[in-house]
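Beneath this line is the structure, given in structure tokens, with notes to follow.
The analysis underlying the following values was restricted to heavy atoms, covering all of them including side chains, and did not include hydrogens, waters or symmetry mates. Note that ligands are numbered from 1 as they come in the structure, with each ligand's atoms numbered from 1 the same way.
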Amino acid sequence: VTDPDALMSAVEDSQVLDFDQPIALSLNALMHFITDPHDPFAIVRRLLDPLPAGSALAINHCTPDFDPVTWNKVAEIYTSSGTPVQFRSHSDVRRFFDGLDLIEPGLCCCHRWRPAGPADGTEPTDAQIGLLAGVGIKR
Ligand SMILES: C[S@@+](CC[C@H](N)C(=O)[O-])C[C@H]1O[C@@H](n2cnc3c(N)ncnc32)[C@H](O)[C@@H]1O
């Protein structure tokens with residue numbers, strides 16, 4: 001994904017996707033592996049570029065927002081083990097959706113994004129989940 005030109009040409013060459021129809025771009029639990037020197041925001045713009053209006057971007061992304069001590073420690077363990085990560089704040093993750101229409105309920109903790117059933121008291125906390133989720137629609 002750090003070579004989005006090669007990625008998109010492979011996708012186009014495969015002729016699996018119909019670029020005349022809306023396409024869902026799912027980047028779940030991926031972009032926190034792409035640190036700022038790789039310009040993750042430019043990568044996402046490049047991946048969205050050939051998609052027609054009405055296409056959707058779905059992202060979930062680790063964040064330290066709800067429990068900085070724990071999640072900064074998780075990031076440190078990943079990085080020191082050879083897998084660099086960059087967990088981002090709500091405002092930084094929101095930037096992936098710039099220029100898109102973010103649909104309800106917006107960018108929120110993952111388990112709060114359209115939960116399948118009513119709350120039954122067994123839900124995890126935001127601090128335990130540590131993931132932001134959102135879906136944006138291309139104009
Ligand atoms: C936590 S998994 C999520 C997998 C899948 N998106 C899902 O929701 O089940 C993270 C994935 O990111 C992939 N990944 C990490 N760095 C990557 C990179 N630079 N390019 C492409 N994939 C990468 C890993 O191989 C792994 O499959």
- Atom CG in Leu132, atom CG in Leu107: separation rounded to 0.5 Å? 5.0 Å

- What atoms of ligand 1 come within less than 4.0 Å of a heavy atom belonging to Leu30? 12 (O), 13 (C), 14 (N), 15 (C), 17 (C), 22 (N), 23 (C)

- Message: For atom 2 (S) of ligand 1, what's the nearest protein heavy-atom neighbour? Residue, atom name and distance, please.
- Response: Ala29 O, 4.0 Å

- Item | Leu27 near ligand 1 by a heavy-atom separation under 4.0 Å | no

- How are the rings of Phe96 and His61 set relative to one another: parallel (under 30°), tilted (30 to 60°) or perpendicular (over 60°)? tilted

- Could you go step by step and tell me if Val135 and Leu100 meet the side chain to side chain contact (heavy atoms under 4.5 Å, CB included) rule? CA-CA 9 Å; Val135 175; Leu100 305 180; over 6 Å; no

- Message: Strictly inside 4.0 angstrom of atom 9 (O) of ligand 1, do you find any protein heavy atom?
- Response: no

- State the CG-CE distance between Asp92 and Met31, to the nearest 0.5 angstrom. 12.5 Å

- Query: Take atom CZ in Phe41; do more than 12 heavy atoms of anything else shown fall under 6.0 Å from it?
  - Reply: yes

- Query: Between Lys138 and Asp101, does at least one N-O distance fall below 4.0 Å, as a salt bridge requires?
  - Reply: no

- Query: Nearest protein heavy-atom contact for atom 19 (N) of ligand 1: which residue, which atom, what distance?
  - Reply: Ile34 CD1, 3.6 Å

- For atom 24 (C) of ligand 1, decide whether some protein heavy-atom distance is shorter than 4.0 Å. no

- Message: To check your reading of the model: name the closest protein heavy atom to atom 18 (C) of ligand 1, its residue, and the distance in Å.
- Response: Val1 CG1, 3.7 Å

- Message: Below 4.0 angstrom, counting only protein heavy atoms, does anything approach atom 21 (C) of ligand 1?
- Response: yes

- Item | Protein contact of atom 16 (N) of ligand 1 - nearest heavy atom, named by residue and atom, plus distance | Phe33 CB, 3.8 Å

- Query: Any idea which protein heavy atom is nearest atom 7 (C) of ligand 1, and the distance to it?
  - Reply: Asn28 O, 4.2 Å

- Is any side-chain N of the basic residue among Asp67 and Lys73 closer than 4.0 Å to the acidic one's carboxylate O? no

